Amino acid sequence: MFRNNVKGKTTMKVQKLLTFASVGALMCGLSAAASAADWKYAHEEYEGDVQDVFAYAFKEHIEENSDHTVTVYRFGELGESDDIMEQTQNGILQFVNQSPGFTGSLIPEAQIFFIPYLLPTDEETVLEFFDESKAINEMFPELYAEQGLELLKMYPEGEMVVTADEPITSPEDFENKKIRTMTNPLLSETYNAFGATPTPLPWGEVYGGLQTGIIDGQENPIFWIESGGLYEVSPHLTFTGHGWFTTAMMANQDFYEGLPEEDQALVQEAADAAYDHTIEHIQGLAEESLEKIKEDSDEVTVTRLDEEQIQAFRERAPQVEEEFLEMTGEKGEELLEQFKADLEAVSED
Ligand code: 6CS
């Protein structure tokens, strides 16, 4: 893992140079790559993390069932999340995994995942929702298609947990706290509503920001708090129950539509296989990661908000929902309605 926080130490300058060099190399190899059918796939995480597990399961399925190969690029190899999305839209990469946390400016409706307390905390219900939701499986593909992207899967990575320099039990505790958010406007609204000062930053600046006190906290799933060593520099963990880290895996649509039918089917099957494998992988992952954190640090505290404490945050959710509707108009309203209907359907079982 990246205990020494490679991303924190790598200066932006060096990272940009690396990105430039790597993208240049990709472009030079582009025509050869197309005929050799070596598909390039970038994601936002590190070796063994959830998006990496998905990517390697996808690669394995493709390579076991065809002559094609898949080259996987992890965080930092080709730049930040925004860079790999741009490279995919430009056709330099064929596949990308980008979390809606960074897709907000491109597809404002993808910010729906940041309306707090919309998704339940119960893992089984959430997994059933992703499997069966019309909003996820039918409406989102249309929204991504408008941006030249063939959405192959959306999947949850884990429940969001807040880490900070002090335990957070109420909106008052968030006062004057600079909380790092992924770079989408609605997530800033959520933390505004929660009483904090939202500070949108790309991932590469988070560990260093916490270490130097530029930010006072952040949110992420437990596996990432563990694998990134975030608890070392932000040791007070609070389960607020307000949402899940969700992500999306997709292809450049021109590339996908240009594939022969059998290759399109192969890609769909590989995405299905990777999804099943990843869903299995995430079950129990948060508990395991929390154990590792507790074993490694005496400083860490874990706070699970009770119903009354949660209520103080939950009652601030409607203003974020309103903001979402303002940002997304009719399309967002339709999506939200379907999202809620799909949630109700799985919650009733
Ligand atoms: O907080 C972030 O920016 C990162 N969190 C996760 C779980 N995956 C990738 C993302 O960049």
Side-chain angles (χ1 to χ4, degrees), residues 1-2 5-8 10 12 15 19 41-55 72-88 96-106 110-111 113-114 119 126 153-164 178-188 190-191 196 198-211 214-234 237 240 242-250 278 281-282 285-286 288-290 293:
M1 292 306 136
F2 52 103
N5 196 41
V6 178
K7 65 228 160 279
T10 307
M12 288 308 285
Q15 209 167 52
T19 304
Y41 178 145
H43 66 74
E44 302 169 315
E45 298 180 354
Y46 299 88
E47 187 178 354
D49 288 330
V50 178
Q51 290 183 21
D52 198 50
V53 167
F54 190 105
V72 176
Y73 297 90
R74 297 181 172 126
F75 177 85
E77 291 182 50
L78 299 175
E80 283 278 1
S81 184
D82 286 349
D83 301 315
I84 57 176
M85 175 55 93
E86 203 179 305
Q87 290 155 26
T88 306
V96 71
N97 197 141
Q98 187 186 56
S99 146
F102 295 105
T103 318
S105 50
L106 195 64
Q111 300 180 105
F113 297 102
F114 302 101
L119 283 171
V126 170
K153 282 289 171 204
M154 272 187 159
Y155 60 97
E157 295 192 34
E159 185 186 334
M160 282 294 201
V161 173
V162 173
T163 72
K178 290 188 259 35
I179 302 296
R180 177 268 175 168
T181 61
M182 288 180 281
T183 53
N184 84 71
L186 197 73
L187 192 50
S188 289
T190 295
Y191 275 90
T199 310
L201 287 176
W203 168 247
E205 292 172 44
V206 180
Y207 189 100
L210 290 165
Q211 201 168 32
I214 289 170
I215 44 175
D216 305 306
Q218 61 89 44
E219 60 160 28
N220 252 308
I222 293 282
F223 86 85
W224 189 252
I225 294 168
E226 190 275 321
S227 78
L230 290 177
Y231 63 94
E232 298 162 351
V233 285
S234 190
L237 278 54
T240 47
H242 72 277
W244 284 70
F245 186 99
T246 295
T247 199
M249 186 269 186
M250 65 212 85
T278 306
H281 173 79
I282 64 166
L285 182 61
E288 268 170 45
S289 304
L290 189 56
I293 291 174

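We number each residue from 1, following the sequence as shown. Atoms within a ligand are numbered from 1 in the order they appear, just like the ligands themselves. As the structure is a computational prediction, the values presented were derived from the model and not from experiment.
The closest protein non-hydrogen atom to atom 11 (O) of ligand 1 is Phe102 CE1, 3.5 Å. Protein heavy atom nearest atom 3 (O) of ligand 1, with residue, atom name and distance: Arg180 NH2, 2.9 Å. Protein heavy atom closest to atom 5 (N) of ligand 1, with residue, atom name and distance, is Asn220 OD1, 2.9 Å.
Here the side chains of Phe102 and Met85 are not in contact, with every heavy-atom distance at 4.5 Å or above.
Residue contacts with ligand 1 leave out Gln218, since none of its heavy atoms falls under 4.0 Å from the ligand.
When heavy-atom distances to ligand 1 are checked against a 4.0 Å cut-off, Phe245 comes that close only through its side chain, counted from C-beta outward.
The only option from Tyr207, Phe245, Trp203 that meets the ring-ring contact (aromatic ring centres under 6.0 Å, His included) definition with Trp224 turns out to be Trp203.
Put simply, the side chain of Ser81 never gets that close to the backbone of Gln98: no donor and acceptor are under 3.5 Å apart. Of the possible polar contacts, none joining the Asp49 side chain to the Asp52 backbone as a donor-acceptor pair under 3.5 Å is found.
Ligand 1 places these atoms under 4.0 Å from at least one heavy atom of Glu45: 6 (C), 7 (C), 8 (N), 9 (C). Atom numbering of ligand 1 starts at 1 in the shown order; those under 4.0 Å from a heavy atom of Glu44 are 9 (C).
Taking all atoms of both residues into account, the shortest heavy-atom contact from Leu210 to Val233 is CB-CG2, 3.8 Å. Between Leu78 and Gln87, the closest heavy-atom pair is O-NE2, 3.1 Å.
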